[in-house]
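Note that the structure is predicted; figures quoted are calculated from it, not measured. For the numbers below, each heavy atom of this structure counts, side chains included, while hydrogens, waters and symmetry mates do not.
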Amino acid sequence: MENSSKQWRFEGNKRLNSASAISVRGVLDLVIGNLSTDDLRPTIPLGNGDPSQFACFRTSTTAEEAIVDAVHSAKYNGYAPTVGVLSARRAIANYLNRDLPYKLSADDIYVTSGCLQAIEVALAAINRPGANILLPRPGFTFYESRAAYEHLQVRHFDLLPARGWEVDVDAIEALADDNTVAIVIINPGNPCGSVYSYDHLKMVAETARKLGILVIADEVYGHLTFGSAPFVPMGIFGSIVPVLSLGSISKRWVVPGWRLGWLVTSDPNGILQKSGIVESITGFLNISTDPATFIQGAIPQILENTKDDFFSKVIVTLKEAADKCFDGIREVPCLTCPKKPEGSMFVMLNVSLLEDISDDLDFCMKLAKEESVIIVPAGMAFGMKNWLRITFACEISALEDGLRRIKAFHQRHVRKQ
């Protein structure tokens with residue numbers, strides 16, 4: 001029997017608890033905890049952006065065959081270099097070069113375990129005592145979580161719903177000071193479904209240059225656009241301002257579980273090298289894990305051989321789902337969508353509260369309990385009180401069922417007033 005008076009010198013790391021509390025996963029766990037075991041209907045997952053579970057979003061056979069070929073080759077059973085397998089880095093550079101006015105080389109590419117690790121690397125590399133970073137509101141909460149863990153101060157600039165969720169560029173200059181080191185731009189947008197124009201991104205780049213800060217361009221949803229605006233990579237403006245471009249195969253190829261991403265120094269002027277950022281990136285990777293070597297070995301075949309018809313099918317499916325979602329939302333009086341989504345897999349909705357619902361979190365928790373529909377409360381997850389985020393990247397039948405249940409939820413709570 002252990003002596004209860006014994007004093008142990010260890011305890012849990014409270015920083016991890018506080019950081020994870022502001023993650024989408026943490027918020028979703030809270031909502032999912034309200035599901036009723038008495039409801040025998042299937043749960044409709046409109047919260048997490050992972051459509052790989054749905055048959056209509058199955059990845060390309062080219063990608064699957066590339067994995068098999070890499071494994072059977074027996075060339076990728078060992079450890080990978082710190083910065084990634086050379087053939088994978090060359091292939092990623094060639095893939096990104098299709099959209100750039102200058103040429104990246106393998107030396108500009110750092111292979112990561114998904115885009116999440118790319119975010120970890122970027123924030124660690126730019127951090128220093130007293131530093132702060134400019135984050136969009138609403139934005140992807142992993143930046144908040146990781147900044148909290150890194151003791152990196154966060155300052156928020158607003159995305160403007162009335163202007164298609166564009167960056168409030170005027171506010172950026174007012175927020176920045178001598179300790180500001182970077183601004184994060186997420187395009188196509190999560191959680192807003194926005195797609196920024198060339199001119200708007202150039203304005204952001206010029207503002208960042210004026211302030212002497214770099215741009216972290218989160219482009220994990222790159223090329224997943226289905227509106228009037230095409231995808232414009234921030235790296236195009238690398239000659240104006242240094243850019244750390246983050247991406248992965250997770251979204252465009254619909255394989256988030258494969259955990260293969262990249263961080264790219266889009267910086268033809270070599271400023272990131274001179275400032276020590278490149279050395280810091282390598283330093284972080286030296287003390288962190290690598291993506292699976294055989295996945296890296298498959299990357300050249302995946303990036304070079306995937307046919308356009310696969311990408312077109314994904315875009316058509318997303319557009320159909322986005323249209324269904326937008327039309328269905330308009331039938332729910334308490335929900336307002338300021339901008340039809342044009343990219344990524346998400347849309348933001350403003351919720352007009354009903355009498356017996358106190359806020360967006362209460363809305364989502366009661367919706368989960370009563371209708372077995374999971375959506376994300378944007379107040380807790382994205383800093384936008386009384387807003388919701390819905391993903392439309394699922395089977396059309398599941399989306400339609402979810403929207404019917406949300407409408408029934410609204411009608412039930414209106415009757416209670």
Donor + acceptor pair across side chains of Asn305, Thr62 (<3.5 Å) = no
In chain order, what residues pass the side-chain hydrogen bond (donor to acceptor under 3.5 Å, both in side chains) check against Asp267, with sequence neighbours excluded?
-> none
Keeping to residues at least two apart or across chains, list the salt bridge (Lys or Arg N to Asp or Glu O under 4.0 Å) pairs with something in residues 374-396.
-> Asp359-Lys385
Quick one: do the Ser288 and Gln117 side chains pair a donor with an acceptor below 3.5 Å?
-> yes
Without hydrogens or angle criteria, can the side chains of Ser197 and Asp199 be said to hold a donor-acceptor pair below 3.5 Å?
-> no
Quick one: do Cys364 and Leu388 satisfy side-chain contact (heavy atoms from CB on, under 4.5 Å)? Show the steps, please.
-> CA-CA 8 Å; Cys364 293; Leu388 313 170; 3.6 Å; yes
Evaluate whether atom CZ of Arg405 has more than 12 neighbouring non-hydrogen atoms of other residues, nucleotides or ligands under 6.0 angstrom away.
-> yes
Would you say Asn386's side chain and Asp360's backbone share a donor-acceptor pair under 3.5 angstrom?
-> yes
Quick one: do Glu64 and Arg58 make a salt bridge, cutoff under 4.0 Å?
-> yes
What pairs with Phe382 under ring pair (Phe, Tyr, Trp, His ring centres under 6.0 Å), at least two apart in sequence or on another chain?
-> none
Where does the angle between the aromatic ring planes of Phe409 and His413 fall among parallel (under 30°), tilted (30 to 60°) and perpendicular (over 60°)?
-> tilted
Heavy atoms of Glu150 and Asn127 approach each other most closely as O-ND2, 2.8 Å
Would Arg404 and Glu331 pass as an ion pair if we require N to O under 4.0 Å?
-> no
Partner of Ile374 by side chain to side chain contact (heavy atoms under 4.5 Å, CB included), out of Ile44, Leu46, Ile390, Leu28 | Leu28
Residue list, ring pair (Phe, Tyr, Trp, His ring centres under 6.0 Å) with Phe311, at least two apart or on another chain | Trp253
Gln301 and Asp69: side-chain donor and acceptor closer than 3.5 Å?
-> yes
Does a sphere of radius 6.0 Å around CZ in Arg90 hold more than 12 heavy atoms from other residues, nucleotides or ligands, not counting ones at 6.0 Å or beyond?
-> no
Side-chain donor-acceptor distances from residues 80-89 under 3.5 Å, at least two apart:
from  : atom 1 : to     : atom 2 : distance (Å)
Thr82 : OG1    : Asn286 : OD1    : 3.0
Arg89 : NE     : Ala106 : O      : 3.3
Arg89 : NE     : Ile109 : O      : 3.2
Arg89 : NH2    : Ala106 : O      : 3.1

Should Tyr95 and Glu304 be marked as a side-chain contact (heavy atoms from CB on, under 4.5 Å) after you check the CA-CA gap, both sets of side-chain angles, and the distance that decides it?
-> CA-CA 8 Å; Tyr95 169 71; Glu304 293 164 12; over 6 Å; no
Contacts of Glu400 meeting salt bridge (charged side-chain N to carboxylate O under 4.0 Å, His left out) (sequence neighbours excluded), chain-then-number -> Lys324
Between Ser245 and Ser266, is any side-chain donor less than 3.5 angstrom from a side-chain acceptor?
-> yes
Under 6.0 Å between ring centres, would you say that holds for Tyr198 and Phe231?
-> no
If you count the non-hydrogen atoms of other residues, nucleotides and ligands that lie under 6.0 Å from CG in Asp308, is the total more than 12?
-> no
Sidechain-backbone polar pair: Asn34 side chain, Leu30 backbone, donor-acceptor under 3.5 Å | yes
For the residue pair Ala229 and Val195, what are the closest heavy atoms and their distance?
-> O-CG1, 3.7 Å
Do Asp218 and Tyr143 have a side chain donor and acceptor closer than 3.5 Å?
-> yes
Is a side-chain donor or acceptor of Arg155 paired with a backbone partner of Leu175 at a separation under 3.5 angstrom?
-> yes
Just wondering, are more than 12 heavy atoms of other shown residues or ligands nearer than 6.0 Å to CD in Glu206?
-> yes
Using a strict 4.0 Å threshold on nitrogen-to-oxygen distance, state whether Asp39 and Arg41 make a salt bridge.
-> yes
